[in-house]
Amino acid sequence: MIDWNKIKKHEETLKKYKEKLDIEKDFKKREKIKLKIKIEELKVKIEKLN
């Protein structure tokens, strides 16, 4: 069963990470944020499959 609350939570964290990505200038921190964004996107996909 799809848990829409979890999906919404993940989408909110995605939005936060994307805002941080726009602000951040340091290359290493940007790469970490990009990885976190990809992880959250995968979490959303996994939750939609359940």
Side-chain angles (χ1 to χ4, degrees):
M1 183 105 183
I2 297 176
D3 190 358
W4 293 105
N5 293 328
K6 283 185 182 180
I7 292 174
K8 188 173 182 180
K9 179 184 151 202
H10 291 307
E11 288 174 348
E12 289 173 4
T13 55
L14 266 173
K15 192 182 291 185
K16 288 179 188 176
Y17 286 144
K18 287 181 181 180
E19 288 172 1
K20 286 181 182 179
L21 188 64
D22 291 337
I23 296 170
E24 190 58 52
K25 303 292 183 208
D26 185 38
F27 178 75
K28 286 185 181 180
K29 289 183 181 178
R30 284 181 62 85
E31 290 301 311
K32 285 182 185 177
I33 294 172
K34 286 180 185 178
L35 288 174
K36 288 180 181 180
I37 289 173
K38 287 185 181 185
I39 290 170
E40 287 297 322
E41 288 172 345
L42 288 173
K43 285 181 181 178
V44 169
K45 286 182 182 179
I46 289 171
E47 192 60 42
K48 285 182 179 178
L49 287 175
N50 287 339

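Below, all heavy atoms of this structure are taken into account, side chains as well, without hydrogens, waters or symmetry copies.
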Hey, what do you get for [atom1] ([X]) to [atom2] ([Y]), rounding to the nearest 0.5 Å?
X: Ile39; Y: Tyr17; atom1: CD1; atom2: OH; value: 8.5 Å
X: Thr13; Y: His10; atom1: OG1; atom2: NE2; value: 6.5 Å
X: Asn50; Y: Ile46; atom1: CG; atom2: CD1; value: 8.0 Å

Show, in sequence, the C-alpha distance, side-chain angles and deciding distance for Glu40 and Lys43, and conclude whether the side-chain contact (heavy atoms from CB on, under 4.5 Å) test is met. CA-CA 5 Å; Glu40 287 297 322; Lys43 285 181 181 178; 3.6 Å; yes
Show which residues join Ile23 in its hydrophobic cluster (side-chain heavy-atom contacts under 4.5 Å, direct or indirect), or state none.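 Once heavy-atom contacts under 4.5 Å are chained together, Ile23 still belongs with nothing else.
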Mind checking who shares a hydrophobic cluster with Ile7, ILVMFWY linked at side-chain heavy-atom distances under 4.5 Å?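 Ile2, Trp4, Val44, all in the cluster of Ile7.
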Any idea which heavy atoms bring Ile37 and Leu14 closest together, and the distance?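 Result for this residue pair: O-CD2, 3.5 Å.
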Pairs satisfying salt bridge (Lys or Arg N to Asp or Glu O under 4.0 Å), at least one member in residues 9-35, at least two apart: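 Non-adjacent pairs meeting salt bridge (Lys or Arg N to Asp or Glu O under 4.0 Å): Glu31-Lys34.
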